[in-house]
Every structure is written in C-alpha cells, then in structure tokens.
Chemist: 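Structure incoming, see below.
Numbering of ligands and ligand atoms starts at 1, following listing order. The figures here come from the full heavy-atom set of this structure, side chains too, leaving out hydrogens, waters and symmetry mates. Being a predicted model, the structure only gives us computed values, none of them experimental.
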Amino acid sequence: MAKRNLRTDGAAETESLGAELASTLEDGDLVLVRGELGAGKTTLVRGAARALGVDDPVTSPTFSIGHRYRGLGLTVSHLDLFRLAGLAQEDPGLLADYLGPGRIAFVEWPAEGEPELGAPRLVVTLSHGGGDVRLVEVEELLAGGPVGPAR
Ligand code: ADP
Ligand code: MG
C-alpha cells in the first residue's frame, strides 16, 4: 500500500500532520506509531486527537497502558506499550476497552507482530532528523488484513 515520506520541522508541524492523518480515519481504526524516545509519537497523537474533537490535554500514559479521551462522536484511545514485554503474556481483556467499534486507537511502541492489536489502518514511523526536524514515514494499509478483525 501507499507509503509517504515526509518531514516536519517543529512539534507544531507534527501536530498538524497528526490532524491531517486523523481526517482520513474511520471508526474502529488503529494507528501504530513507531519511533524512538522523543521522536514525536505523542506529539503526533496529540494533534490527531485534537482533530478528532478531544479537548482534554493529551499526555503520555504513565500509570496505565493507555488513556481514553472523549472525541467528537467517538472515543480516542492512546496506548503506550513501551513498558510491556509483549501482549501475548497479558490478559486478553487488557485491550478490550481501547480498541474496536466506537473508537479510534493510537498505539505507541507496538512490538513487532502483535496480532492482539489487529490490523492497523496506518503505520507512522518517526525518526530524528537533526534539531527539530523529524522524518515521518506514513504507511497506509487496507485494514482488515489476515491478522485483524473484520471491518
Ligand atoms: P515520543 O512520544 O516519541 O517519545 P514526544 O512527542 O513525547 O516523543 O516528544 C517529542 C519532543 O520533541 C517534544 O518535546 C517536542 O516538542 C520535540 N520536538 C521538536 N521537534 C519536533 C518535531 N518536528 N516533531 C515532534 N516533536 C518535536
Ligand atoms: Mg510518547
């Protein structure tokens, strides 16, 4: 599927990109957000959540695996799996509140091949480009692939 390579210069541009991506998302979609610490994952999710109608401050989940925000007509889920070794060892119910119908979910630090998450609609990979520059690869997928729940 389509891959785009973009660059942003400053957090505001990454937020705007998040907002632009959000406008392409549908109820039930999953977005994986990859990249090392400080690459701008949470910044991108913040911009996306705003565009989806979230008024509350969007911060990194610290004491739980995720946050859920009330957006316009749906819930915006924001998960950070950094501290999890992998989902296979976790209670299968762990993700139930965050994914699926009525929600759009953004997942930071997804480990490779986590079938528990389902098929993503977008995979965004951020990397440092020096200073405030970030290189952003946006891969668009047809969700509902072999590993995901039917759309
Ligand atoms: P992550 O979630 O990937 O660890 P954060 O979004 O929490 O990263 O933090 C990114 C940090 O880098 C923020 O302090 C932000 O202000 C800064 N920053 C500088 N330039 C950019 C950029 N182009 N895009 C995103 N964040 C940037
Ligand atoms: Mg983060």
Chemist: Considering non-hydrogen atoms of the protein only, which is the closest contact for atom 8 (O) of ligand 1, and what is the distance?
Modeler: Gly40 N, 3.2 Å
Chemist: How far is atom 16 (O) of ligand 1 from its nearest protein heavy atom, and which residue and atom is that?
Modeler: Ala11 CB, 3.6 Å
Chemist: Say whether Leu30 and Val138 are linked into one hydrophobic cluster, either directly or through other cluster members, by side-chain heavy-atom distances under 4.5 angstrom.
Modeler: no
Chemist: How about Arg7 and Arg134: do any of their side-chain heavy atoms sit closer than 4.5 Å?
Modeler: no
Chemist: Around atom 18 (N) of ligand 1, find the nearest protein heavy atom and jot down its residue, atom name and distance.
Modeler: Arg134 NH2, 3.4 Å
Chemist: Quick check: do Ile65 and Leu84 have side-chain heavy atoms less than 4.5 Å from each other?
Modeler: yes
Chemist: Does any non-hydrogen side-chain atom of Leu87 lie less than 4.5 Å from one of Leu95?
Modeler: yes
Chemist: Please state whether the rings of His67 and His78 are parallel, tilted or perpendicular, taking 30° and 60° as the class boundaries.
Modeler: perpendicular
Chemist: Using the rule side chain to side chain contact (heavy atoms under 4.5 Å, CB included), only one of Leu37, Leu79, Val33, Leu32 pairs with Trp109; which is it?
Modeler: Leu37
Chemist: Between Ile104 and Leu74, is any pair of side-chain heavy atoms under 4.5 Å apart?
Modeler: yes
Chemist: What protein heavy atom lies closest to atom 25 (C) of ligand 1? Include the residue and the distance to one decimal.
Modeler: Thr14 OG1, 3.4 Å
Chemist: Is a side-chain donor or acceptor of Arg83 paired with a backbone partner of Phe63 at a separation under 3.5 angstrom?
Modeler: no
Chemist: Please confirm whether the backbone N or O of Ser60 pairs with a side-chain atom of Thr62, one donor and one acceptor, at under 3.5 Å?
Modeler: yes
Chemist: List every atom of ligand 1 that sits less than 4.0 Å from any heavy atom of Leu37, numbering the atoms from 1 in the order shown and giving each element.
Modeler: 4 (O)
Chemist: Flag atom 14 (O) of ligand 1 as yes if some protein heavy-atom distance to it falls below 4.0 Å, otherwise no.
Modeler: no
Chemist: Would you confirm whether Lys3, through its side chain, and Glu137, through its main-chain N or O, come within 3.5 Å as a donor-acceptor pair?
Modeler: no
Chemist: Would you mind checking which non-hydrogen protein atom is closest to atom 11 (C) of ligand 1, with the distance to 0.1 Å?
Modeler: Gly38 O, 3.9 Å
Chemist: Sequence neighbours excluded, which residues qualify as side chain to side chain donor-acceptor pair (under 3.5 Å) partners of Thr14?
Modeler: Thr8
Chemist: As an exercise, identify every atom of ligand 1 less than 4.0 angstrom from a heavy atom of Glu36.
Modeler: 3 (O)
Chemist: Which atoms from ligand 1 have a heavy atom of Ala39 less than 4.0 Å away?
Modeler: 3 (O), 8 (O)
Chemist: What protein heavy atom sits nearest atom 6 (O) of ligand 1, and how far away is it?
Modeler: Thr43 OG1, 2.6 Å
Chemist: Checking Glu36 against Ser127: is there a side-chain donor and acceptor pair closer than 3.5 Å?
Modeler: no
Chemist: Taking N or O atoms only and a 3.5 Å limit, does Thr8 qualify as a polar contact for ligand 1?
Modeler: yes
Chemist: Atom 7 (O) of ligand 1: which protein heavy atom is closest, and how many Å away?
Modeler: Thr42 CB, 3.6 Å
Chemist: Glu108 near ligand 1, heavy-atom distance under 4.0 Å?
Modeler: yes
Chemist: Considering only non-hydrogen protein atoms, determine which one is nearest to atom 23 (N) of ligand 1 and report residue, atom name and distance to 0.1 Å.
Modeler: Asp132 O, 2.7 Å
Chemist: Do Tyr98 and Arg103 make a side-chain contact, defined as non-hydrogen atoms from C-beta onward lying under 4.5 Å apart?
Modeler: no
Chemist: Does ligand 1 come near enough to Val133 that some N or O of the ligand is less than 3.5 Å from an N or O of the residue?
Modeler: no
Chemist: Leaving waters out, which protein N, O or S atoms fall under 2.8 Å from the Mg ion (ligand 2)?
Modeler: Thr42 OG1, Glu108 OE1
